Amino acid sequence: MKYTLIYIAFFLSLPLNGQDTFRSDTIKIPEVLIQRGNFNSDHSGYKKNSLDSSVIKNYSHSTISDLLSDNSNVYIKSYGMGGTATPSFRGTGANHTQIEWNGVNINNPMLGQSDLSILPVGLVDDVQIISGGASMSLNSGGIGGIINLESKPEWNKGTIIQINPGIGSFGQYSGLIKVKCGNNSFQTITKAFLQSSENDFRYLNNDIGAEPVWETRKNSQVIQKGFLQEFYYKRNRNITSARIWYESADRNLPESMLTQQVNSGEKQFDESLRMLLNFDINKGKINYFFSGALLFDKLNYVNRLASIDSRNLAETMSVKAGFEDRVSENITFKTIINEDVNVIHSNNYDQNTTRNTLSVTASSQQKVSDRIETSLLLREILDRNKLLIPDFSTGLQVRISEEKEYFLKANISRNSKIPTLNDMFWNPGGNPLLKNEYAYIYEITYEMNLKISSPAILKYDLTVFHNNIRDMILWHPGEFSYWTADNIQNMNSTGMESSLTLDYIRNNLTARINAGYSFTRSINEGTNTESDNSAGKQLMYIPENQAKASIRIAFKKIYSFWLVNFTGDRYITADNSKFLPGYLINNLTIGIKYPMRASSIDINLGIDNIFNVNYQSIAYYPLPGRFFNMKILIQLVK
Amino acid sequence: MKNLLKICLLWLLITSCSKLPDNLPSSYVFGGGVYILNEGNFRAGNGSLSFYSYDSSKIYNDLFFKKNSRPLGDIPNSMIINSDRAYIVVNNSGKIEVIDRSTLESKATITRLISPRNMKVINDSKAYVTSIYSDSVAIINLYSNTISGYINLRRSSESIVVSGNNAYISNWVGGKEIMVVNTLLDVVVDSVEVGIEPESMVLDNNRILWVLCNGGWTRQNFAELVAIDTYTNHVYKKIVFPTKEASPSCLQIDGSGQTLFYLDNGVKKMDISSGILPSTTLIPQSGNYFYKIGINPLNADVFITDAVDYVQQGYLLIYKNDGTFMSKNKADIIPGSMCFNLRIDSHTK
């Protein structure tokens, strides 16, 4: 029974065939790979979300930022097309969110965050959104949560070639190619992505003169390249994999709408090379696993006008090793050792800087009775030769009814976040004496899966959470005329998230309705100075209300996807005296798919911002009105 | 659990009270007082204009937006008044907003400037605008409100003071020179070497130019106060600050041109005849974060802006010229430089 439950949970979190509303789109998978469970097995008492694979396919030419902002309750703060985009989970900051690739942290160690606008969706197979304490089973530091990008094999014979060109408004051209071949014991998958965009959209500037003026966005061009090669080898139940991911983004950065000066020549070039090696060995009741990653992240920023030429290279080595022991039928025990080494070469630091972080994690999961499960995780981190106060997470899961799938899940965690290297070593202002930030995270979830009638399935969940973040690092004006980093802020965020999925399948018709709502109060406790008016106020750029809804309908060869995204008001001043108004955006995709024996051709047309709403994510950085894109997917199967 | 309860209570408290009405009168009344430019945060576009009125002893915020229904721009840096017009130099927006001095209504916008900092009216038809990120000073045609030309200094420019037919322009960031421009010909005619990073300058009643050099942010050089005779363009006095840690800024002078004021861990006051720096602090910071100062030309009252933490609304603090505290007024985000509006129509910096 216990395993059934775990496996149900496991399958629910994987957008495999069964979750896909469009069965014919997906390659049949005869066998399930247990591999990624090694670092990431579900712990009892926690909620996890994976995005629907058909949704991911719809965004194959978009960025992770667009995907999450439309389809999750992670709030994305974006400078607009081509501009930087950072995530916020449950009212926390961008560096409280960790972006992982198959369980390896790929946040830039200097910034402690990732720019989601340069991570293409087309290269990944699955996107998991893991909020709060649940993220601790994957890695430390995700106080808000972890977004895990997965690439994974399909163990079947034959060759599949996908050619996927696209074209869109504002001079956007994109192309994605995937080639997969192999058999039941060896697989090779190659993916390449190229996108170029002018992003020269028109927008109405209400803020520049007495009369509103139509302007064209300038200096916003982006060229993005990505290449991912994966090899998988399976023998008995042991799997070895090697992956290499190169990507680059060459961007011009546009100015604020309020700027009327001549082009500042502001540019950014990001380049990353990521190599990952995994071994998974299964010996009876024990799984051993090992992963080694080498990451190189280059970030060059040039502002000709301000004579800034910032050059930064971060090299990271990350090694993880551990085992999972199914001690008895009801108890599983797991241990992981993780070692991260960062080496930074930057003309903004006094000298080349190295950091070494070691962590040991032990966790166990116990099935107390048929309906009650518990889990416990303990972690000790050694950062720069200093032991941190240990972190923990404990969860309880109760199946309310024996017959029906109604669950109550609760967990309490303490999670630490070590300072970023910029916080410590940026010259001027970096503070090498910074302590780590930490948070207490409380969460209760009610979850239900209900078969309403034979073709209709309903899934619903409601979560209430509360985070206390302590010793938050804030840059503030220091003694001299430059800013410095210190652990001076405390913040609390409280809120609820709810989502509902309804599936309906009958004959040639499949439909899925998704709806989600989240409410977040993220309160600054202030810094105890006399004139501080920000205490007790909502943090800037955290919307209190967010709601998303989508409906996907497929009938025979035709499919459509309608998405509605509501984001409420967001304050843009610390004392909440000004705010950006909320917005409601509608997007529609319509497509048709012709099968040709095993192969197929699929054409779709997308309209974004159908009602041409004028809105902003960051004040005075315009976003485009209505725009279009078209994609063709040619799939050849041999 | 206790925290959860506290949060719930706090939440109730916050959601149950509606926003308090602004206790400041919303309509601004033209009269004697001082304009305060709130710089706002870099790139956030939340710069704004405030006015402190002598008549009502009150501060009026966000006046540009209230009058013109659009934001002032990104980092308004300085403001000057010239007859019935006021000019606001908006640094990171690359523009100058030309407004009616009494109604604050926008009259024109001078655009395509590169990182403009300070403006000085030369005569009825032209003004100079300094630039932190270009090598030239822009010449503005005040009739058409357009850029009519440039004076190439081959270095960036910050502060500008006119004496006779010469404009003295400081090369602040990374520089150590004062460039001398003939205002009839619009050409560089001379330069004077001073200390590292000449940040601010004033002219006294003997036409001596006082230049405050802050020594650069790396604290590897001493700050200096340098006096230049504008008849000869020679340095006639140089006072070096005692430690490299000292980073003075914002040199101002009273209306009589006799007393200097500057910020150096509090407000310092110094007579122009003094050969040494003041040993006492006129107004200590005592927990505040003094950002800019302005001196009322009529009575030498000291106006200080306090930027608090640079992300929330700051304050305008007013002291008498002997250092007696008078009032504290809530301005907007990063209140910076000030421009005095005198009842008589003389133009002031």
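Naming: A, B, ... by sequence-line order, numbering from 1 per chain. If you're wondering where the values come from, they're calculated on a predicted model, not measured in any experiment.
- At a threshold of 4.5 Å between non-hydrogen side-chain atoms, the residues A:I572 and B:N46 do not count as touching.
- Top candidate by heavy-atom pairs under 4.5 Å with chain A, chosen from B:G40, B:S134, B:G73, B:P71, is B:P71.
- Proximity to chain A is absent for every atom of B:S106, based on heavy atoms less than 4.5 angstrom apart.
- With a 4.5 angstrom heavy-atom cutoff, A:D207 touches chain B via backbone and side-chain atoms both.
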**Request:** Under the side-chain contact (heavy atoms from CB on, under 4.5 Å) rule, what do B:R43 and A:Y620 come out as? Steps first, then yes or no, please.
**Result:** CA-CA 9 Å; B:R43 283 198 170 157; A:Y620 310 117; over 6 Å; no
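- Annotation for B:I147: atom CD1 counts as buried by contact number, over 12 foreign heavy atoms lying within 6.0 Å.
- When all heavy atoms are compared, the tightest approach of A:A619 to B:A44 is CB-O, 4.2 Å.
- Using a 4.5 Å cut-off between heavy atoms, B:E97 contacts chain A through its side chain alone, with no backbone atom that close.
- Note that the CG atom of B:N92 and the OG1 atom of A:T259 stand 5.0 Å from one another [nearest 0.5 Å].
- At a 4.5 Å heavy-atom cutoff, B:N41 makes no contact with chain A through either its backbone or its side chain.
- Considering only heavy-atom pairs separated by less than 4.5 Å from chain B, the leading option among A:N303, A:D575, A:N206, A:T573 is A:D575.
- Using a 4.0 Å cut-off between a side-chain N of Lys or Arg and a carboxylate O of Asp or Glu, B:K95 and A:E255 do not qualify as a salt bridge.
- Neither the backbone nor the side chain of A:Y440 comes within contact range of chain B; no heavy atom of the residue lies under 4.5 Å from a heavy atom of that chain.
- For B:D62 and A:K578, the salt-bridge test passes: some basic side-chain N is under 4.0 Å from an acidic carboxylate O.
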